[in-house]
Amino acid sequence: MPEVRPHTIWRSAVKVARSSLVRQVQEDLRARILDGRFPSGSKMPAEIELARLMGVSRTSLREAVQQLELDGLLIRRHGHGTFVRSSPLLQSGLNVNQSASQLIRAHGMVPGTRNQTVRPATLSAHEAGRLAMKPDDPIVVLERVRTADGRNVVFTRDLIPPALLAAAGVEMAELLDENMSLYHFYAVRLGVSVIDGTAWIRPDLAGKAIAEMLGTAPGTEMLVIEQLDRDAGEKPVLLSREHYVADAFEFVIHRRGPALSGRPQLPDR
């Protein structure tokens, strides 16, 4: 077993302690923004002044501020300073499958639900193809508007195979629980665990019906995500279409590579 040198342990301990401090500063700043001590739209104090206020080094403060920029709470304007966003963005990594409620709650905002309905319907050819079912097969449609601190931000339309409800002895009306996470409902009430999903993403403009549901103007910019979720056996179990108000969200994708070595390529012999 290789020897672990004391200075290596010390460096690791310092790194962990510093990371913890940055996270603490980040959460302290987040709390000050959300409770209005740093009001919406206001300019943040200069870096040296803010570091003194928080009792940390400028390096630790800078890292915390950069993370809050990534979270959409702060915006840096070159030559003018750093400002609290007037309407904070809700940021999501698209590589992580999470519900709208989880996304909203993770940003210190209160999720809510409006205009929730559930009804039987039949599948279109497109929907049937996604779910590996037949056109005109019966389906359960759950529609709802999700809110963040009272603001309408997402309209969702979820298609649930009725066979899943029947197998678990669950009534369609149970889907009308406003505090329900659909993934939690699948796991607890239906006994179905969603393992992964495939998402198709496109920009769009709100039509009249979507605009009315979200309380916005027709033609408002939207980001539409259609997602097919599967269980452990790779069977399609849920098809969702979500309309996100574009100015309320920022989506992030982590992309790897290419990890090029920089070595010259030798010609094939």
Side-chain angles (χ1 to χ4, degrees), residues 90 92 96-106 109-200 206-207 209-215 222-245 248-249:
L90 299 175
S92 171
V96 178
N97 196 2
Q98 60 180 335
S99 68
S101 292
Q102 289 174 313
L103 169 61
I104 292 165
R105 194 175 289 113
M109 305 176 83
V110 179
T113 303
R114 290 178 179 152
N115 301 332
Q116 183 161 286
T117 62
V118 63
R119 56 184 171 83
T122 55
L123 289 170
S124 69
H126 170 78
E127 294 163 346
R130 291 277 200 237
L131 286 164
M133 297 171 68
K134 297 177 181 178
D136 297 325
D137 272 356
I139 199 73
V140 173
V141 179
L142 173 65
E143 294 181 338
R144 47 189 174 161
V145 173
R146 313 314 300 273
T147 64
D149 282 353
R151 180 190 177 192
N152 295 346
V153 291
V154 191
F155 170 69
T156 64
R157 184 174 188 267
D158 299 300
L159 303 183
I160 303 162
L164 297 180
L165 300 176
V170 172
E171 295 293 330
M172 187 170 61
E174 287 193 39
L175 288 161
L176 291 174
D177 181 357
E178 291 188 358
N179 298 314
M180 174 197 67
S181 161
L182 194 52
Y183 288 146
H184 182 76
F185 181 88
Y186 261 64
V188 174
R189 296 294 292 124
L190 303 184
V192 176
S193 181
V194 172
I195 300 300
D196 64 13
T198 301
W200 295 265
I210 298 296
E212 286 180 358
M213 292 292 291
L214 288 168
M222 296 278 152
L223 184 66
V224 180
I225 300 180
E226 183 179 15
Q227 179 158 317
L228 178 67
D229 288 312
R230 294 177 290 264
D231 65 9
E234 298 189 357
K235 180 181 178 180
V237 293
L238 175 66
L239 180 63
S240 303
R241 184 175 289 114
E242 303 170 331
H243 290 75
Y244 290 82
V245 178
F249 288 88

Check whether any side-chain heavy atom of Val194 sits under 4.5 Å from a side-chain heavy atom of Val237, and report yes or no.
yes

For residues Arg241 and Val224, determine if any side-chain heavy atom of one lies less than 4.5 Å from a side-chain heavy atom of the other.
yes

Taken in chain and number order and not counting sequence neighbours, the residues that satisfy side-chain contact (heavy atoms from CB on, under 4.5 Å) with Ala199 are Ile225, Gln227

Suppose we screen for side chain to side chain donor-acceptor pair (under 3.5 Å). Which residues come up paired with Thr156, at least two apart in sequence or across chains?
none

Scan side-chain atoms only and decide if Tyr186 and Asp229 contain a donor-acceptor pair under the 3.5 Å cut-off.
no

Where do Pro236 and Leu228 come nearest, in terms of heavy atoms and distance?
CB-CD1, 3.8 Å

Quick check: closest heavy atoms across Ala248 and Arg151, and the distance to 0.1 Å?
CB-NH1, 3.6 Å

Salt bridge (Lys or Arg N to Asp or Glu O under 4.0 Å) partners for Glu174, two or more places apart:
Arg189

Pair listing, salt bridge (Lys or Arg N to Asp or Glu O under 4.0 Å) test, anchored in residues 160-171, at least two apart
none

Rounded to the nearest 0.5 Å, what's the gap from OG1 on Thr198 to CG on Leu239? Could you check?
11.0 Å

Sequence neighbours left out, cut at 3.5 Å: what donor-acceptor pairs do the side chains of residues 129-138 make with other protein atoms?
{"unit_1": "Asp137", "atom_1": "OD2", "unit_2": "Lys134", "atom_2": "N", "d": "2.9"}

As an exercise, state the distance from CG of Asp158 to CD of Glu143, rounded to the nearest 0.5 Å.
9.0 Å

Could you tell me which residues satisfy side chain to side chain donor-acceptor pair (under 3.5 Å) with His126, sequence neighbours excluded, listed by chain and number?
Glu226

Can you tell if the side chain of Thr117 reaches within under 4.5 Å of the side chain of Arg144, non-hydrogen atoms only?
no

Holding to side-chain contact (heavy atoms from CB on, under 4.5 Å), I want the full list of residues that pass it with Ala167, two or more places apart in sequence or in another chain.
none

Give, for atom CG of Leu190 and atom CG of Asp231, the distance between the pair rounded to the nearest 0.5 Å.
11.5 Å

Criterion side chain to side chain contact (heavy atoms under 4.5 Å, CB included) against Phe185, the qualifying member of Leu142, Val192, Leu175:
Leu175

Strictly distance-based, threshold 3.5 Å: is any side-chain N or O of Arg114 a donor or acceptor partner for the main-chain N or O of Gly150?
yes

Would you please name every residue forming a side chain to side chain donor-acceptor pair (under 3.5 Å) with Thr122, sequence neighbours left out?
none

Partner set under side-chain contact (heavy atoms from CB on, under 4.5 Å) for Ala206, not counting sequence neighbours:
Ile210, Ala211, Thr220, Met222

Of all residues at least two apart in sequence or in a different chain, which pass the side chain to side chain donor-acceptor pair (under 3.5 Å) check with Thr147?
none

Taking atom CE of Met172 and atom CG of Leu165, what is their separation to the nearest 0.5 Å?
8.5 Å

Please determine whether side chain to side chain contact (heavy atoms under 4.5 Å, CB included) holds for the pair Leu159 and Leu123, giving the CA-CA distance in whole Å, both sets of side-chain angles, and the decisive distance to 0.1 Å.
CA-CA 9 Å; Leu159 303 183; Leu123 289 170; 4.1 Å; yes

Residues two or more places apart in sequence or in another chain: which of them pass side-chain contact (heavy atoms from CB on, under 4.5 Å) with Ala121?
Arg119, Ile139, Val141

